[in-house]
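So the structure is just underneath, and the comments pick up after that.
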Amino acid sequence: MQDGKGVRKQHSLIWLKRTIGILICVALCGVIGWAQKSENKNEQARTWADLGVTAAHQTQLEALWELKRQKEIQAVKDLKTLNRFAKDSLVEDAKIQETLDEFRAKRKEAQEKIEKIEEELLQTLPTQAQLHLTLFGILDNGVPRRITKSQTGKKTDETPQQ
């Protein structure tokens with residue numbers, strides 16, 4: 001009889017330990033979830049108005065963004081043309097030089113327009129707005145933008161065919 005009571009007591013202690021362990025895990029997960037939820041409430045989204053950006057600034061920013069976008073689209077088109085010239089050995093040097101000069105002139109003109117708009121914005125935008133717009137890449141931050149698709153699936157380790 002003494003053996004039976006000892007076995008039952010050990011059996012109930014094992015279940016008690018397991019139950020306590022499970023309750024501790026549930027409580028720990030609950031505390032972690034509550035902490036994450038309260039952390040998200042502290043983060044508030046910033047709006048244009050919070051940064052001090054006016055409607056006039058927004059119009060200028062949209063124009064700047066569109067100008068940068070058009071500059072990159074045009075650059076890709078021009079590079080396709082230059083790539084065709086590089087592959088075609090029958091194109092005259094004069095034609096290539098003319099196209100290169102046009103390409104560089106368009107690029108320089110677009111860059112000057114962008115710099116002019118950015119200078120106007122930098123003189124009137126609040127510091128916090130300048131900071132966030134620079135981080136987002138709307139104002140120049142020195143990091144090249146990545147609008148074009150990456151060339152995945154193309155074989156790059158092949159040697160040119162002759």
Side-chain angles (χ1 to χ4, degrees), residues 1-83 103-104 106-160:
M1 289 269 183
Q2 291 292 337
D3 260 345
K5 285 185 180 181
V7 170
R8 275 188 248 144
K9 191 173 186 180
Q10 285 179 348
H11 186 66
S12 64
L13 284 175
I14 291 173
W15 283 104
L16 181 64
K17 288 179 181 178
R18 288 181 181 171
T19 305
I20 290 174
I22 291 171
L23 290 174
I24 289 173
C25 288
V26 168
L28 185 62
C29 289
V31 168
I32 291 171
W34 173 77
Q36 287 178 344
K37 191 180 233 184
S38 65
E39 181 180 304
N40 291 340
K41 289 180 183 177
N42 294 336
E43 295 177 7
Q44 296 176 353
R46 292 195 171 211
T47 63
W48 289 116
D50 293 341
L51 295 173
V53 177
T54 63
H57 289 134
Q58 287 179 17
T59 305
Q60 284 181 310
L61 289 168
E62 288 172 4
L64 176 65
W65 186 257
E66 184 61 27
L67 189 60
K68 285 184 174 185
R69 194 172 140 287
Q70 290 301 323
K71 176 188 168 201
E72 289 185 13
I73 290 170
Q74 185 62 45
V76 170
K77 287 180 183 177
D78 290 343
L79 285 175
K80 287 179 181 178
T81 302
L82 295 175
N83 192 25
F103 170 72
R104 291 182 181 123
K106 280 192 266 183
R107 221 179 79 222
K108 185 176 180 181
E109 181 183 339
Q111 188 60 37
E112 287 173 356
K113 286 180 185 177
I114 289 170
E115 288 173 1
K116 181 182 174 192
I117 293 173
E118 281 188 357
E119 276 300 315
E120 291 172 5
L121 283 168
L122 291 176
Q123 293 174 1
T124 59
L125 279 173
T127 306
Q128 284 294 318
Q130 289 181 30
L131 171 67
H132 284 80
L133 293 170
T134 302
L135 290 173
F136 291 142
I138 296 171
L139 295 177
D140 186 26
N141 59 11
V143 178
R145 294 179 25 185
R146 301 180 76 194
I147 288 181
T148 58
K149 295 179 183 177
S150 62
Q151 296 183 359
T152 57
K154 290 194 174 187
K155 296 178 183 175
T156 57
D157 57 336
E158 290 183 3
T159 56

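Index from 1, following the sequence.
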Legend entry - Between CG on residue Leu67 and CD on residue Gln111, distance to nearest 0.5 Å: 9.0 Å

Inset, instruction - Give a yes or no answer on whether the side chain of Gln60 reaches the backbone of Ile117 with a donor-acceptor pair at less than 3.5 Å. - result: no

Legend entry - Atom pair CD (Gln74) and CZ (Phe103), whose distance is rounded to the nearest 0.5 Å: 9.0 Å

Inset, instruction - Could you pull out the closest heavy-atom pair between Gly52 and Pro126, with the gap in Å? - result: O-CG, 3.5 Å

Legend entry - Nearest heavy-atom neighbours spanning Ala110 and Lys71: CB-CG, 4.0 Å

Inset, instruction - Under the side-chain contact (heavy atoms from CB on, under 4.5 Å) rule, what do Leu23 and Thr19 come out as? Steps first, then yes or no, please. - result: CA-CA 6 Å; Leu23 290 174; Thr19 305; 4.3 Å; yes

Legend entry - Contacts of Glu109 that satisfy salt bridge (Lys or Arg N to Asp or Glu O under 4.0 Å) - sequence neighbours left out: Lys113

Legend entry - Side-chain touch Arg18/Ile14, heavy atoms, less than 4.5 angstrom: yes

Legend entry - From Glu119 atom CD to Thr124 atom OG1, the distance as rounded to the nearest 0.5 Å: 11.0 Å

Inset, instruction - Check Leu125 against Gln130 and note the closest heavy-atom contact, atom names and distance. - result: O-NE2, 2.9 Å

Inset, instruction - Might you point out which heavy atoms bring Glu118 and Ile138 nearest each other, and give the distance in Å? - result: OE2-O, 3.9 Å

Legend entry - Counterpart residues, side-chain hydrogen bond (donor to acceptor under 3.5 Å, both in side chains), relative to Glu66 (two or more places apart): Arg69, Gln70

Inset, instruction - Enter the distance from Leu131:CG to Leu51:CG here, rounded to the nearest 0.5 Å. - result: 9.0 Å

Legend entry - Intermediate values then yes/no, side-chain contact (heavy atoms from CB on, under 4.5 Å), Leu64 and Lys68: CA-CA 6 Å; Leu64 176 65; Lys68 285 184 174 185; 4.1 Å; yes

Legend entry - Interatomic distance, His132 atom NE2 to Asp50 atom CG [nearest 0.5 angstrom]: 9.5 Å

Inset, instruction - Would you give the length of the straight line joining atom CH2 of Trp15 to atom CD1 of Ile20, rounded to the nearest 0.5 angstrom? - result: 14.0 Å

